[in-house]
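I have placed the structure first, in the form of structure tokens, so that the comments after it can refer back to it.
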Amino acid sequence: MKHVGKSYKKVDAKTILSGRAAYTEDFVPSNALVIKILRSPHAMAKIVDINYSAALKIPGVEAVFTYKDVPQNRFTLAGQTYPEPSAYDSLILDQIVRYVGDAVAIIVAKDERTAMQARDVIKVQYEVMEPVLDIHTAIDHPTVVHPEDNLTYNFPVGGDPKRNIACSYSRVVGDIEAELKACDYVVEGTYFDQATIQSAMETFRTYCYIDQFDRLVCTSSTQIPFHLRRHLARALDIPATRIRVIKPRIGGGFGSKQTACSEMLCAFVTWKLKKPAVLIYTRHEANNCSTSRHAREWNIRLGATKDGIIQVIDMVALSDAGAYGTHAFTTFTAGEHKSVPLYNKGKAVRYASNVVYTNHMAGGAFRGYGATEALWPLECAVTKLAKKMGMDEIELRLKNLINVGETSLVYEPGEVLESGLLKEAIAKAKKMARWDERPHSWQIDETHRGGLGVALAFQGSGVAKFDVASVEIKLQDDGNYTLYTGSTDMGTGSNTILMQMACEVLGCPLSHMTCYEADTDVVPFDPGSYASSTTYVTGTAAKMAAEDLRSKIVKTFATYMEVAEDAIDFDGVTARTTDGSNKQMTTAELAPKLIVNLNHQPQQLIGFATWGSHTSPPPFMVGIAEVSVDMETGQVEPLDFYGVVDCGTIVNPTLAKVQAEGGIVQGLGMALYEEIRYSENGRLETNNFMTYKIPTRQDTGRIHVDFVESHEPTGAFGVKSIGEVVINTSCPAVQGAILNACEADVNTLPMISETVFKAMQKK
């Protein structure tokens, strides 16, 4: 193909490297009011009184707002298509504060210094309650995190807020206990994955103003412009048509900006005061007052017959929703389709959880979105089963691996795996890591042992049957093209990818196309950048829009050149006749004719398409980790990581490799470094980069990435997704490598030295 499969640099690479890329803060005028938030020092409390009279006396303080001033429409902060499965349990400000850092009051002033001075003199009287800090005691705890009567759901998700159950889910297929009794080998274990923080370089920030039509304009670093507009409309109780959301360049999101965070507070101030205002979170606020990955404790049992066939997968979790139910139901349920179907030869499956409200910061979306959490216990348990049976860990997986054309006990009726080169990917990873050529456990020196571990992973491509994307492509009056999309580039290069796919259809060079994104007044609807949807869902819409435009251009050329349409050869720039008349015309020559009222038929040629899928085809990954374990301290050093990904047709190999490398590194951070610690009173202690360790290049070893390319029949050019699957193998692969190196069966993330050392001593 001409463009698909080629490694173009990101179209905005020069802008980024030169420092000219415009982020939200770059749009803020000098006269914008500055917002600061007074936050709760208590994990669970009721506000009895707020005295802010002293704050209002400070020169330059514009206003102070409390829970008494905001609309009382509860909403969800989750960026999901309506009707959202997440509970409507949030207010802009609430009389009850539910975690240390929850918003108490909004301070608006002429500058940051004045706002902070005012914040420090506000006096709040609290009725402090016993917080719910342990997921094991959350259900029926004396403290009810959400005692309000107006908390609502769009449809049943198993929630019972008065018992601190945010939602619950259970799917059981087959007789679990009977099948386990019939198995020759059974392993079980408890595995815990902590909350982890997305840690984007750019913190949350929003700038709002009122335009000339008395509409609210919200400029924000968000992954979900259209969902955000809907949430703002509900929270402020105004029509969505009175709101415009603009997304400039984003300095990273990783799911955190799939949740409305700073936007609600800033939009309220601007709508109330009719003045421009800006809210910029500090790093402490970004880490402490947003959302994190959901913490989960898993009890898992696997049963297999002596021939190595896994007959039972039993996964029961207890999950921490935190203070609000943002993404709580969907992150858990999404993990089912992205873990259990890997091994489909069995007879019984259970996948279940209660997701409980606690007085921790709310859980939300994080790259991997439930699959990362579910694959962690599953793949650890498969490795444990292989060792108990005396089988090679990869051989056991191959025996049970789903094949193309097969179904799963948790698939819907008629659903099958439609594409994938799973065994080919495994074979390539084995060769890269020399899996069959060396031991999986060895002595490095007097105090260090080495180990190899492996894990497999599925993910998805968009939200099946729900999310749809629209793309519009215009032939402009200079003969070049503009692609309009509501998808949000977070630094992934999605703009480049969409342009490659559109230009592949049109035939023109990428230099003949520009991309305009994520302005709700200008671009067609797109759910946003999440759920690994951009290349698969928005990309397919882009291909279809390009096909629509191409057919219109060819038809128009035929009219002007007075030949039949099938006599036009069009390369995206120049049309030539093939009937022997030797006529030719360029788009630069055609386009001006279309906007002149010649023969009373002016027109602009526009291609448009909307597309959503009935399925969410899973990309596949195999990851092999090689580590060194210090036997005296338990310190684990990653040496090499070998990853092979099947993401369907690769549109841009360089960008795909960068995605894979970034996901693996993020997974290694979750596996070995990123530790969440709460104090006894519920204060997050690891709320900055001094205490919450993000791995650097020196902490991740050598990353080796390769691909196999299957062809997904439902996606444009055979594409699937890559953005999330690449984070999913790091944790269980490292766990398996540690197990092989020193026989320490670590069951808690992160696998820091103390945890590994204790597991070694236990052994």
Side-chain angles (χ1 to χ4, degrees), residues 5 7 342 372 375 379-380 382-383 386 391-401 419-442 444 449-459 618-629 636-650 652-669 671-672 695 697 699-710 720-741:
S7 287
L342 274 171
T372 314
L375 286 160
E379 286 299 280
C380 288
V382 173
T383 293
M391 287 185 66
D392 180 270
E393 298 154 39
I394 291 181
E395 189 60 34
L396 178 62
R397 287 171 166 87
L398 285 169
K399 269 182 171 286
N400 293 278
L401 192 63
S419 69
L421 295 174
L422 282 58
K423 292 179 180 178
E424 290 83 352
I426 292 172
K428 180 171 279 192
K430 286 177 65 176
K431 185 176 181 180
M432 288 169 61
R434 297 181 293 114
W435 179 270
D436 292 333
E437 301 169 21
R438 55 177 174 152
H440 302 160
S441 177
W442 64 94
I444 297 175
R449 287 193 59 80
L452 283 179
V454 65
L456 308 183
F458 268 162
Q459 189 63 43
F620 173 76
M621 181 178 179
V622 53
I624 297 177
E626 181 177 342
V627 305
S628 168
V629 181
V636 178
E637 178 186 359
L639 302 177
D640 291 273
F641 196 97
Y642 307 90
V644 177
V645 183
D646 173 11
C647 55
T649 300
I650 298 173
N652 188 313
T654 296
L655 295 185
K657 185 178 180 183
V658 169
Q659 282 284 292
E661 291 171 343
I664 290 167
V665 167
Q666 234 174 346
L668 290 173
L672 294 172
R697 290 180 182 271
D699 300 312
T700 55
R702 296 171 292 270
I703 308 296
H704 314 269
V705 172
D706 209 339
F707 298 88
V708 296
E709 290 188 76
S710 62
K720 289 187 282 193
S721 69
I722 190 173
E724 294 183 281
V725 70
V726 289
I727 197 175
N728 291 338
T729 61
S730 299
C731 292
V734 169
Q735 195 268 359
I738 295 170
L739 182 62
N740 280 330

* What pairs with Glu379 under salt bridge (Lys or Arg N to Asp or Glu O under 4.0 Å), at least two apart in sequence or on another chain? ->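 Salt bridge (Lys or Arg N to Asp or Glu O under 4.0 Å) check on Glu379 returns Arg397.
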Exercise: identify the closest heavy-atom pair between [X] and [Y]:
{"X": "Ser441", "Y": "Ala741", "result": "OG-O, 3.7 Å"}
{"X": "Phe620", "Y": "Leu401", "result": "CE1-CD1, 4.5 Å"}
{"X": "Cys731", "Y": "Gly667", "result": "SG-O, 3.8 Å"}
{"X": "Lys720", "Y": "Ser419", "result": "NZ-OG, 3.3 Å"}
{"X": "Ala625", "Y": "Ala737", "result": "O-CB, 3.6 Å"}
{"X": "Ser730", "Y": "Gly663", "result": "OG-O, 4.4 Å"}

* **Leu375 and Thr729: CA distance, side-chain angles, deciding distance, side-chain contact (heavy atoms from CB on, under 4.5 Å) verdict** => CA-CA 8 Å; Leu375 286 160; Thr729 61; over 6 Å; no
* By side chain to side chain donor-acceptor pair (under 3.5 Å) - contacts of Arg438 (at least two apart) ->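 Checked Arg438 against side chain to side chain donor-acceptor pair (under 3.5 Å); matches are Glu626.
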* Contacts of Asp699 that satisfy side chain to side chain donor-acceptor pair (under 3.5 Å) - sequence neighbours left out ->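 Asp699 satisfies side chain to side chain donor-acceptor pair (under 3.5 Å) with Lys693, Thr696 only.
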Could you state the interatomic distance from [atom1] ([X]) to [atom2] ([Y]), rounded to the nearest 0.5 Å?
{"X": "Ile738", "Y": "Ser628", "atom1": "CD1", "atom2": "OG", "answer": "10.5 Å"}
{"X": "Ser7", "Y": "Leu655", "atom1": "OG", "atom2": "CG", "answer": "7.5 Å"}
{"X": "Thr383", "Y": "Leu396", "atom1": "OG1", "atom2": "CG", "answer": "8.5 Å"}

* **Sub-4.5 Å side-chain heavy-atom contact between Leu342 and Val382** =>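 Sidechains of Val382 and Leu342: no contact.
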* Asked: Heavy-atom distance under 4.5 Å between the side chains of Ile664 and Ile727, does that happen here?
  ->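 No; the side chains remain at least 4.5 Å from each other.
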* Start with the C-alpha gap between Ile703 and Leu668, add the side-chain angles, then the distance that decides, and say whether side-chain contact (heavy atoms from CB on, under 4.5 Å) holds. => CA-CA 11 Å; Ile703 308 296; Leu668 290 173; 4.1 Å; yes
* Contacts of type side chain to side chain contact (heavy atoms under 4.5 Å, CB included), residue Gln659, not counting sequence neighbours ->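 With neighbours one apart ignored, the set is Arg367, Thr492, Ile722.
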Identify every side-chain donor-acceptor pair in residues 425-433 under 3.5 Å, counting partners at least two apart or on other chains, and give the distances.
unit_1 : atom_1 : unit_2 : atom_2 : d
Lys428 : NZ     : Phe707 : O      : 3.0
Lys430 : NZ     : Asp436 : OD2    : 3.1

* To do: Give me the one residue out of Glu393, Gln735, Arg449, His440 that meets side chain to side chain donor-acceptor pair (under 3.5 Å) with Asn740.
  =>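 Testing Asn740 for a side chain to side chain donor-acceptor pair (under 3.5 Å) against Glu393, Gln735, Arg449, His440 leaves exactly one candidate, Glu393.
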* Asked: Stepwise, does the side-chain contact (heavy atoms from CB on, under 4.5 Å) test hold for Ile394 with Val622?
  -> CA-CA 10 Å; Ile394 291 181; Val622 53; 5.8 Å; no
* Any donor and acceptor pair, going by atom type alone, linking the side chain of Glu661 with main-chain N or O of Val705 inside 3.5 Å? ->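 No; zero donor-acceptor contacts below 3.5 Å.
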For a quick test of your reading: what N or O donor-acceptor pairs under 3.5 Å do the side chains of residues 637-648 make, sequence neighbours left out?
unit_1 : atom_1 : unit_2 : atom_2 : d
Asp640 : OD1    : Arg702 : NE     : 2.9
Asp640 : OD1    : His704 : NE2    : 2.7
Asp640 : OD2    : Arg702 : NH2    : 2.8
Asp646 : OD1    : Gly648 : N      : 3.1
Asp646 : OD1    : Ser710 : N      : 3.3
Asp646 : OD1    : Ser710 : OG     : 2.7
Asp646 : OD2    : Leu421 : N      : 2.7
Asp646 : OD2    : Ser710 : OG     : 3.0

